[in-house]
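Nothing here was measured: the structure is a model prediction, and the numbers come from that model. Throughout, protein chains are lettered first and strands after them, A, B, ... in sequence-line order, and every chain is numbered starting at 1.
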Protein chains: 2
Amino acid sequence: MTQATAKTLPDAPPETRPDAAALRLAGSDATRVREAARAHAREAPGQDPDLPAYDLIELFFFAYRDFVGDPDRILDDYGFGRAHHRVLHFVARNPGLTIAELLEILRITKQSLNRVLKELIEKGFVEARPGTTDRRQRLLFVTEAGGSLALRLSRLQTQRIGRALADIPAEGRSAVADFLLAMIDPGERDAVARRVDGPGEGS
Amino acid sequence: MTQATAKTLPDAPPETRPDAAALRLAGSDATRVREAARAHAREAPGQDPDLPAYDLIELFFFAYRDFVGDPDRILDDYGFGRAHHRVLHFVARNPGLTIAELLEILRITKQSLNRVLKELIEKGFVEARPGTTDRRQRLLFVTEAGGSLALRLSRLQTQRIGRALADIPAEGRSAVADFLLAMIDPGERDAVARRVDGPGEGS
DNA sequence: GCCTATACGTCAGCCTTGTTGACATATCTC
DNA sequence: GAGATATGTCAACAAGGCTGACGTATAGGC
């Protein structure tokens, strides 16, 4: 997981690439240009696609890396990876989830899902029961152990989020949530929004 | 394989588990409790670790997935993956970057790095030159093609970010940046902040 | 001018987690 | 009863992490 992007320095087109030293020790001219571009980018963030939002791109990258890093360490003790985490999380959050629904959420193949799901079941963290109305389906639930682990991992991540939000005023906090939601593909935004707040019930 | 390292998996007594139907069709009592908890979580997001911030956890997950999904499609045409993207990005952003520095940023092993870096060099997207002061080092630069690709990918991601920020007021935007920065491990926050705005120069 | 530490490359093998393709089984629906 | 659907499974493969071991060139201290 994990990823980033790229860039050509606005003031340094690659073909004109000066020497290494020259680039690194770029004089005050280049510095001034860069400063101006940066200031502009701050006013109209992402509005001008010619000025990539390098700051947010990289912040997002590093933030996400640390965000998933917390659980990773714990999962390791159980012999689980991120894939297990995702499955465990969504099953915990959506009791009675169907295989098909889970595949839809995770967007992986059933073979990939089955590998980790099988392990979660064998180790007693997840349980599958035949559907009541449609007995071909397998409804997924976390066991007590699974629920505890899922909760523990969620709390870990929640703590990091809590620390990050601590110094942010209320309006800023909703801006963060709005931003994250708006980063999602428009087509699935609604589905995610619905799933995110209150999966247990239509409410 | 998956072995629970030196750990006795806490057994999950299936008998304690409530029935599937009971869980899914939880009555209005449960619904009311859930509503209350959700409202509370909105006021004090992440402050109470007993109430996981499920919304932000999941939003972050889905947002990041779509965020890296854009470049993925393009990279595919070049036979590159996310690993290539990361390398290309940081080399483009930090001309003259050293192998050691890149390893530091990416936090992967040199063997992993070398695999993708070699491909990027062979395909003419990245170039390595011996260091001037220390000739053991290899200073990395993007070629013209590399710069273009990097820029193209950054613009793609910038567009998504721009759309996401479009409806967010100025204060909210800085809150987003603050949030992302604060999500990063405190220890490396400074290093990232420095790298993020203006890697070319100490400025 | 050595000698050691450092920067980097490389070979070999392993793991996780994703993929495709083909096929099996149970159950639902018409 | 026939066909669609939900799921499981076998086999093979790829990307991108990892460890361990070892090789080479250069820097730097003495």
> Record whether the side chain of B:Arg136 comes under 3.5 Å of the base of C:dT6 through a donor-acceptor pair of N or O atoms.
yes

> For A:Arg195 and B:Glu58, which heavy atoms make the closest approach, and how far apart are they?
O-OE1, 4.2 Å

> Does any donor-acceptor pair link the side chain of B:Arg82 with the base of D:dG16 at a separation under 3.5 Å?
no

> Hey, does the side chain of A:Ser112 come within less than 4.0 Å of C:dT17's phosphate (OP1/OP2), counting only N and O?
no

> By nearest heavy atom, map B:Leu113 and B:Lys110 onto DNA chain D; which one lands nearer the 5' end?
B:Leu113

> Counting the atoms with a prime plus P, OP1 and OP2 as sugar-phosphate, which does B:Lys118 contact under 4.0 Å by heavy atoms, base, sugar-phosphate, or nothing?
sugar-phosphate

> Roughly how many Å is it from CD in A:Gln137 to C1' in C:dC28, rounded to a whole number?
11 Å

> Rounded to the nearest angstrom, tell me the gap between atom CZ in B:Arg115 and atom C1' in D:dA14.
11 Å

> Are A:Phe179 and B:Phe179 an aromatic pair, judged by ring center distance below 6.0 Å?
no

> Provide, to the nearest angstrom, the distance between the CD atom belonging to B:Gln111 and the P atom belonging to C:dA7.
16 Å

> Take atom CG of A:Asp134 and atom P of C:dC30, then tell me their distance rounded to the nearest Å.
12 Å

> Let me know the distance between CZ of B:Phe80 and P of D:dG16, rounded to the nearest Å.
10 Å

> Just N and O in the side chain of A:His84: are any of them under 4.0 Å from OP1 or OP2 of C:dT16?
no

> Decide if the gap between the ring center of B:Phe60 and the ring center of A:Phe60 is smaller than 6.0 angstrom.
yes

> For C:dG18, does either OP1 or OP2 sit under 4.0 Å from a side-chain N or O belonging to B:Arg65?
no

> Between the side chain of A:Gln157 and the main-chain N/O of A:Phe67, is any donor-acceptor distance below 3.5 Å?
yes

> So does A:Thr109 get a side-chain nitrogen or oxygen closer than 4.0 Å to the phosphate oxygens (OP1/OP2) of C:dG18?
no

> Round to the nearest Å and state the distance from B:Leu117 atom CG to C:dT10 atom P.
10 Å

> Please evaluate residues A:Asp72 and A:Arg65 with respect to the criterion salt bridge (Lys or Arg N to Asp or Glu O under 4.0 Å), reporting the C-alpha separation (whole Å), side-chain torsions for both, the decisive distance (0.1 Å), and the verdict.
CA-CA 10 Å; A:Asp72 278 359; A:Arg65 181 220 263 165; over 6 Å; no

> What is the distance, to the nearest angstrom, from the CG atom on A:Asn114 to the P atom on C:dT16?
17 Å

> Quick one: A:Leu120 CG to C:dT17 P, roughly how many Å, whole number?
10 Å

> Counting just side-chain N and O atoms, does A:Arg135 come under 4.0 Å of either OP1 or OP2 of C:dT27?
yes

